[in-house]
Amino acid sequence: MAACVWSVRSVRVLSEIIHGHVLPAAAAVRHQAGTSRSLHGARAPAVSARHLKQLGVTSLRSLSQVSLSEEPDALYQKLSVRVKGHDRSVLDSFEFFASLAARELGLSLERAFEPRKHTEKLTLLKSVHIFKKHRVQYETRTHHRTIEISRVTGSSARVYLEYIQRNLPEGVAMEVTKVTAAAAGQTQSCFSITHSACLLCRPLLKRSRNTSRNRCGTRANWSRAVSEQHTVSGAGLCPLTADSHPNCDRQSVCVCVHGNC
Amino acid sequence: MATSLVRKTKLLSMVSSQLNSAACFRNIHCTAACLKNRAARIRVAKGDKPVTYEQAYHPHHIGHRKGWLSQHTSNLQGEDGAAERVVEDVFIRRFMYGTFHGCLADEVVIKRRGNLLLICAVMIQKLLPSKFYFLIGYTEELLSHFYKCPVKIEMQTVEEKVVYKYL
């Protein structure tokens with residue numbers, strides 16, 4: 001179906017945008033519904049150190065429509081999406097679609113399973129008047145499917161959920177449960193990644209199953225709670241490793257999202 | 001219906017009692033034939049009545065050989081609003097039957113995606129395309145004002161009614 005092909009293409013575009021270096025604002029995602037072609041055409045070019053040097057940081061800023069915000073991005077331990085419907089085959093195809101979308105967007109899909117179906121039975125009288133012995137039985141079956149995604153940021157979760165919900169088939173209902181990663185202490189230095197000009201934060205990193213690598217290349221363990229306060233300096237120092245990134249623009253904030261935050 | 005059946009059974013029982021007394025020992029079923037299901041079924045007849053796929057299969061085939069004519073989430077576990085959706089569906093079907101009189105090849109399928117109400121219909125090429133376009137626009141406009149939600153009609157035309165079998 002044409003709509004299917006279009007949606008797969010837009011997933012690839014979205015994944016390019018997320019990995020490659022700019023997290024889209026919600027407005028950019030809304031555009032995908034009408035103008036997939038323009039989104040395709042207007043995506044940011046593949047960014048590497050050499051390109052950035054050629055282009056300069058300011059031109060990249062003009063290309064991207066996202067704004068830098070200093071609010072801490074929400075971190076979710078687990079994002080649980082439960083869909084229910086009357087037709088099991090529709091839920092099968094939706095599970096395939098959602099897991100494909102999660103894989104393309106680089107989210108870690110923990111598991112996709114099928115909880116037990118629920119059957120509601122009604123026994124009614126067959127006739128309008130008398131004939132108590134003759135009844136008719138009706139049955140309503142509700143099938144469920146749960147997809148669990150672990151260790152995801154608020155922005156990624158929003159993008160993924162918006163994409164999934166826009167493509168929900170008719171007759172299918174969805175429930176989303178988010179489990180926030182608890183932070184101990186009052187440290188507030190986890191900034192949301194909206195625009196990063198730090199070159200070492202840029203390249204795509206291999207996703208590993210148990211621990212996630214942050215953009216600076218240091219391994220972060222998601223189960224550890226916040227213990228220390230990180231300061232972000234404008235001089236291009238990575239907050240966790242305190243390495244200096246000489247190519248960082250002094251104006252921009254080099255941010256990394258770690259599980260420690 | 002029930003009273004006439006009861007009267008008939010009384011008559012039968014009187015006749016049977018007379019027959020029994022005259023050394024005739026055949027038993028007759030005296031209860032009304034309520035155990036037969038009659039919902040959405042066309043009974044097998046001479047073999048000259050054309051019947052579509054939707055009409056040929058009985059309601060217990062829904063989910064197995066038939067699909068759903070009306071797709072919404074209010075009949076799922078933990079969801080509400082079923083009664084309102086049913087009333088809306090009945091109105092929409094009657095409206096479509098009346099507006100496109102004689103043009104409907106098969107039942108109207110109603111799908112709800114979020115706010116959007118999608119009406120899918122297969123029509124016979126009885127009217128000119130321009131007339132069809134006018135009626136589609138008229139229906140969409142009227143129903144969207146009535147139900148306060150966007151209404152879209154997806155129509156497919158067919159030369160004549162698709163016959164599945166003859167009953």
Side-chain angles (χ1 to χ4, degrees), chain A residues 1-3 7 30 33-34 82-94 114-146 161-177, chain B residues 1-7 9-10 29-41 58-83 85-86 88-89 108-120 149-152 154:
Chain A
M1 214 168 86
S7 55
R30 269 183 217 116
R82 185 176 173 125
V83 275
K84 35 185 187 176
H86 289 302
D87 201 352
R88 206 168 159 261
S89 49
V90 168
L91 294 181
D92 280 338
S93 85
F94 186 77
E114 185 179 359
R116 206 180 186 128
K117 75 171 188 273
H118 177 260
T119 311
E120 188 190 321
K121 288 188 191 153
L122 287 172
T123 310
L124 306 171
L125 294 174
K126 197 183 270 191
S127 174
V128 166
H129 181 54
I130 52 174
F131 303 115
K132 194 64 176 266
K133 285 185 196 172
H134 303 94
R135 314 236 180 162
V136 68
Q137 287 187 316
Y138 296 106
E139 183 179 277
T140 307
R141 292 180 192 170
T142 307
H143 300 272
H144 301 270
R145 206 57 68 101
T146 309
L161 286 175
E162 173 143 8
Y163 180 63
I164 292 290
Q165 281 159 14
R166 275 184 191 276
N167 290 307
L168 205 64
E170 52 276 336
V172 169
M174 189 161 96
E175 282 169 5
V176 175
T177 318
Chain B
M1 187 267 304
T3 45
S4 62
L5 278 165
V6 170
R7 264 191 238 123
T9 53
K10 276 197 183 146
H29 280 284
C30 297
T31 47
C34 258
L35 41 83
K36 281 197 171 133
N37 289 326
R38 301 189 310 151
R41 272 158 236 265
H58 297 164
H60 61 264
H61 288 126
I62 290 174
H64 305 276
R65 298 184 204 179
K66 274 167 82 165
W68 281 267
L69 284 179
S70 169
Q71 289 169 1
H72 53 269
T73 57
S74 45
N75 281 324
L76 295 169
Q77 180 199 6
E79 305 286 334
D80 53 358
R85 302 292 95 74
V86 167
E88 285 169 17
D89 284 356
V108 170
V109 172
I110 301 173
K111 298 184 183 182
R112 285 181 176 82
R113 275 180 216 154
N115 200 21
L116 174 71
L117 186 61
L118 196 64
I119 301 171
C120 313
C149 66
V151 174
K152 278 193 187 159
E154 279 186 12

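Just so it is clear: chains get the letters A, B, ... in the order the sequence lines come, proteins before strands, and each one is counted from 1. In this text, all values refer to a predicted model and were calculated from it rather than measured experimentally.
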Just wondering, do B:L76 and A:H118 contact through their side chains at under 4.5 Å, heavy atoms? no
Tell me, for A:V172 versus chain B, whether the close heavy atoms (under 4.5 Å) come from the side chain, the backbone, both or neither. backbone
Given heavy-atom pairs under 4.5 angstrom as the criterion, report whether the side chain, backbone, both or neither of A:H144 touches chain B. side chain
Mind checking the NE2-CD spacing from A:H143 to B:Q77? Nearest 0.5 Å is all I need. 12.0 Å
Separation between NZ (A:K126) and NZ (B:K36), nearest 0.5 Å, reads 10.5 Å
Using a strict threshold of under 4.0 Å (side-chain N to carboxylate O), is an ion pair present between B:R113 and A:E170? yes
Just by modelled atom types, is the A:A173 backbone N or O under 3.5 Å from a matching donor or acceptor in the B:T73 side chain? no
A quick test of your reading: do over 12 heavy atoms of other residues, nucleotides or ligands sit less than 6.0 Å from NZ of B:K66? yes
Look at atom CG of B:D80 and say whether more than 12 heavy atoms of other residues, nucleotides or ligands are closer to it than 6.0 Å. no
